[in-house]
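Inspection log for the structure reproduced underneath, given as structure tokens.
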Amino acid sequence: ALGLIAVMPLAFLAYPPFPANSIADLIAMARKEPGKINIGSSPKGTGSHLCAELFMATADVRMNLVPYKGSAQSITDLVGGHVSVTCNILTPAMGNINGGTLRPLAVTSAKRFSSLPNVPTASESGLPGFEAVLYYGLLAPAGTPRAIVERLNKELRAALSTEEVRARIVNDGADPLTSSPQEHAALLDRDETKWSTLIRKLNLKID
């Protein structure tokens, strides 16, 4: 692990006529009508799919999971009202959000997304501690000398301090993030434990 580059939040997005205005509303509705609300996601095994599964497990609710072949297709069906809500990356949805044809309920990061500062996190809006994000970082082959790892981390931090690089990352639907090699390695271990535990608990499989 050389260091982190960015964190990409997902978001719970709703079809505008859907009556839930927050994660707390969505949880209440799902508990009232178990298994009846359609929640879309990208293919099984993706961050979007695991986000939906983590939501249902954490909130202790049952919803009808509808996995799509890709995020664009799930967004299209959400705009058309074929599913009520989805957990998805923001990049393909920003045009719809800005145009009012999709409504974000919450982002899934620990902090609010810089491009949507008025949208709360899931943790803020009814599901304390919830986090499901995509991290981007650089890795080196095992056994790379520590001095080289530290030098590459220094250069990575320098690149991430420039406005040009930071703007590009935000434009791609993420927020810039830096770390030491040790922090990056610890995060990889934490996420591997988190998601593998969920997968085993729910016995999730890829068709």
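- With contacts defined as side-chain heavy-atom distances shorter than 4.5 Å, the pair Leu177/Tyr136 does not qualify.
- With a 4.5 Å cut-off on side-chain heavy atoms, Thr101 and Tyr15 do not count as touching.
- Looking at Pro176 and Val170, their side chains come closer than 4.5 Å, going by heavy atoms from C-beta outward.
- A salt bridge links Arg146 with Glu150: at least one charged nitrogen is closer than 4.0 Å to a carboxylate oxygen.
- Under a hydrophobic-cluster definition in which Ile, Leu, Val, Met, Phe, Trp and Tyr are linked whenever side-chain heavy atoms come within less than 4.5 Å, directly or via other members, Leu4 and Leu156 are assigned to different clusters.
- In this structure, the side chain of Arg166 engages the main chain of Leu160 through a donor-acceptor pair within 3.5 Å.
- Looking at Leu138 and Ile5, their side chains come closer than 4.5 Å, going by heavy atoms from C-beta outward.
- Counting heavy atoms from C-beta outward, Leu202 and Glu53 have side chains that approach closer than 4.5 Å.
- Residues Ile37 and Asn64 are not in side-chain contact: their nearest non-hydrogen atoms beyond the backbone lie 4.5 Å or more apart.
- In this structure a side-chain-to-backbone donor-acceptor pair under 3.5 Å is missing from Asn153 to Val149.
- Considering Thr121, Val107, Val133 as possible partners of Phe113, the one that fulfils the side chain to side chain contact (heavy atoms under 4.5 Å, CB included) test is Val107.
- For the pair His184 (side chain) and Gly3 (backbone), a donor-acceptor distance under 3.5 Å is present.
- Relative orientation of the Phe12 and Phe130 rings is tilted, given thresholds of 30° and 60° on the angle between their planes.
- Between Arg31 atom CZ and Met63 atom CE the span is 12.0 Å, to the nearest 0.5 Å.
- Without hydrogens or angle criteria, Thr58 side chain to Phe55 main chain gives no donor-acceptor distance under 3.5 Å.
- At least one side-chain heavy atom of Arg112 sits under 4.5 Å from a side-chain heavy atom of Pro120.
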